[in-house]
Amino acid sequence: MSFSAVVKDELSRLCPPARHCQLAEIAAILSMCGRVAVDDNGRISIKIHTESISVARKYFTLLRKSFNINSDVSVRCNDYLKKRRTYTVTVPDGRIAHKILLAARLMTPDGRLGADLSVTDPLLLKNQCCMRAFLRGAFLAGGSVSDPLKTYHFEISCSSNEKALQLLQLMAQFDIEGKSILRKRHYIVYIKEGAQIVDMLNVMGAHHSLMEMENVRILKEMRNTVNRRVNCETANINKTVSAAVKQVEDITLIRDSIGFSQLSEGLREIAQLRLDYPEATLTELGRMLSAPVGKSGVNHRLRKLSMMADDLRCHGR
């Protein structure tokens with residue numbers, strides 16, 4: 001089971017006790033994957049289509065708890081789409097369907113449906129608990145989240161820009177900064193930052209999935225920290241080795257060109273030590289001197305030898 005399916009399964013088993021929150025979640029599911037049909041006699045019915053059994057189960061449960069009804073559920077298997085199952089949950093009774101649409105604020109009292117089944121009354125989302133429920137329903141019906149082991153990506157697909165903006169505004173109420181983009185005639189609300197996705201899971205109530213993702217994030221951060229330190233140490237070692245090789249080359253040039261007899265006693269001693277111990281650090285070389293000096297003192301003498309070697313190279317040209 002994918003991480004997205006795990007999150008949806010957890011959310012599908014979370015049913016808010018308050019009816020106003022149940023209505024907010026029903027409104028989100030209907031708005032994202034529902035449609036209203038009208039027969040020849042003007043009677044309406046509402047249904048949702050989903051490939052997720054978690055969404056179908058949650059919607060069925062919400063209708064039963066909020067309106068004390070049992071909706072019709074049908075399953076169809078599509079052999080052309082890798083045997084995927086499509087679940088359809090239908091409320092065929094026009095009177096009950098009308099009642100649901102009014103309660104979920106998807107229809108005005110005079111019988112007009114919101115554009116593209118959008119919520120028509122902001123009072124539905126006046127409480128933070130209802131905002132959480134609406135975001136949960138929207139994710140269940142049209143969302144997905146990537147496996148945190150691979151990448152951080154959370155998204156909800158909307159059929160209109162107005163729905164995307166509504167979701168972004170609700171997310172902003174919880175200090176979650178989402179973005180939207182148009183993709184194949186759908187508006188995608190998405191989050192790319194790991195900590196923000198964790199916050200979103202918390203808002204929706206997916207606490208077990210949140211802990212699983214946090215464990216993955218901690219592990220990845222530890223690995224990244226170790227890798228950064230290893231890379232830093234490797235870079236320092238490479239830098240030290242390169243410097244030592246250059247110092248040996250300079251000292252060898254001086255020895256073969258003018259000999260160490262032309263050097264002061266301090267330069268002669270450090271030059272010989274560097275040739276004898278090419279892998280030693282500057283601190284270790286300083287301790288080996290007859291009159292020990294610190295790292296900066298050794299570095300100062302080696303720089304003098306380097307300048308002398310550069311002069312010899314220029315003179316040689």
Side-chain angles (χ1 to χ4, degrees), residues 1-16 21 25 28-29 32-33 50-58 82 84-85 128-129 131-158 164 167-181 183-184 186-242 281:
M1 185 182 291
S2 67
F3 183 70
S4 189
V6 170
V7 175
K8 288 190 176 185
D9 182 70
E10 180 180 356
L11 293 178
S12 71
R13 302 176 190 279
L14 175 64
C15 191
C21 293
E25 196 162 350
I29 294 174
M32 292 295 165
C33 65
T50 177
E51 293 181 355
S52 171
I53 189 173
S54 298
V55 178
R57 179 175 60 229
K58 182 62 175 290
K82 299 180 182 179
R84 286 183 181 175
R85 292 180 176 179
Q128 279 208 343
C129 57
M131 296 179 190
R132 293 174 183 269
F134 190 88
L135 289 170
R136 181 166 58 245
F139 173 76
L140 276 169
S144 65
V145 57
S146 298
D147 186 343
L149 283 170
K150 298 177 182 177
T151 185
Y152 297 134
H153 184 81
F154 174 101
E155 70 173 46
I156 300 176
S157 177
C158 305
L167 290 181
L168 290 173
Q169 290 170 0
L170 291 177
M171 289 161 62
Q173 295 296 315
F174 300 96
D175 297 323
I176 298 174
E177 185 179 353
K179 297 180 181 179
S180 67
I181 187 174
R183 183 202 300 162
K184 294 181 180 179
H186 283 79
Y187 292 85
I188 309 298
V189 174
Y190 68 93
I191 307 171
K192 284 285 190 182
E193 207 275 315
Q196 292 269 287
I197 296 176
V198 168
D199 290 341
M200 190 65 184
L201 293 177
N202 183 49
V203 167
M204 296 188 300
H207 301 303
H208 291 293
S209 299
L210 180 156
M211 292 304 299
E212 182 179 340
M213 183 170 178
E214 278 289 63
N215 289 336
V216 172
R217 288 184 65 231
I218 291 171
L219 181 61
K220 289 175 73 172
E221 287 177 6
M222 287 177 62
R223 286 176 177 171
N224 290 336
T225 300
V226 171
N227 287 337
R228 282 195 297 269
R229 288 181 178 177
V230 169
N231 291 338
C232 183
E233 290 176 2
T234 301
N236 288 337
I237 291 172
N238 290 337
K239 183 178 178 181
T240 301
V241 169
S242 298
T281 65

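Basis for what follows: all heavy atoms, side chains included, without hydrogens, waters or symmetry-related copies.
For the pair E10 (side chain) and H208 (backbone), a donor-acceptor distance under 3.5 Å is present. Counting only distance, with no hydrogens or angles, the side chain of Q196 and the backbone of G178 share no donor-acceptor pair below 3.5 Å.
Between Y152 and M213, the closest heavy-atom pair is CD2-CE, 3.6 Å. Between M204 and L135, the shortest heavy-atom distance links the atoms SD-O, 3.9 Å. In terms of heavy atoms, V7 sits closest to A206 at CG1-CB, 4.1 Å. Between P16 and C21, the shortest heavy-atom distance links the atoms CB-CB, 3.6 Å. Here the closest non-hydrogen pair linking T50 and A56 is CG2-N, 4.0 Å. Residue K58 comes nearest to L14 through the heavy atom pair NZ-O, 2.6 Å, listed as atom of the first residue, atom of the second, then distance.
By the 4.0 Å N-to-carboxylate-O rule, E221 lies close enough to R217 to be salt-bridged with it.
C158 places a side-chain heavy atom less than 4.5 Å from the side chain of M32. Counting heavy atoms from C-beta on, the side chains of H153 and K192 come closer than 4.5 Å. Residues D175 and D199 fail the side-chain proximity criterion, which asks for heavy atoms closer than 4.5 Å. Contact of the Q128 side chain with the F174 side chain is registered, since non-hydrogen atoms from C-beta on lie closer than 4.5 Å.
Annotation: the span from L168 atom CG to I176 atom CD1 amounts to 11.0 Å, rounded to 0.5 Å. With rounding to the nearest 0.5 Å, the separation of CE in M171 from CE in M131 is 13.5 Å. To the nearest 0.5 Å, atoms CD (E155) and CZ (F139) are separated by 9.5 Å. Taking CG of N231 as the reference point, atom CG of N224 lies at 10.5 Å (rounded to 0.5 Å). Taking CD1 from I191 and NZ from K179, the interatomic distance works out to 11.0 Å, rounded to the nearest 0.5 Å. Summarising the geometry, atom CG belonging to L167 is positioned 10.0 Å from atom OG belonging to S180; distances are rounded to the nearest 0.5 Å.
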Tabulate below the donor-acceptor pairs under 3.5 Å that side-chain atoms of residues 140-151 make, not counting sequence neighbours, or state none.
| from | atom 1 | to | atom 2 | distance (Å) |
| --- | --- | --- | --- | --- |
| D147 | OD1 | L149 | N | 3.0 |

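Atom NZ of K220 is surrounded by more than 12 heavy atoms from other residues, nucleotides or ligands within 6.0 Å.
Residues meeting the side chain to side chain donor-acceptor pair (under 3.5 Å) test with E212, sequence neighbours left out: none. Partners of D9 under the salt bridge (charged side-chain N to carboxylate O under 4.0 Å, His left out) rule, at least two apart in sequence or in another chain, are R13, R57.
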Worked verdict on N202 versus H207 for side chain to side chain contact (heavy atoms under 4.5 Å, CB included) | CA-CA 6 Å; N202 183 49; H207 301 303; 3.2 Å; yes
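Checking each of R229, R223, R228 against T225 for a side-chain hydrogen bond (donor to acceptor under 3.5 Å, both in side chains) leaves exactly one that passes, namely R228.
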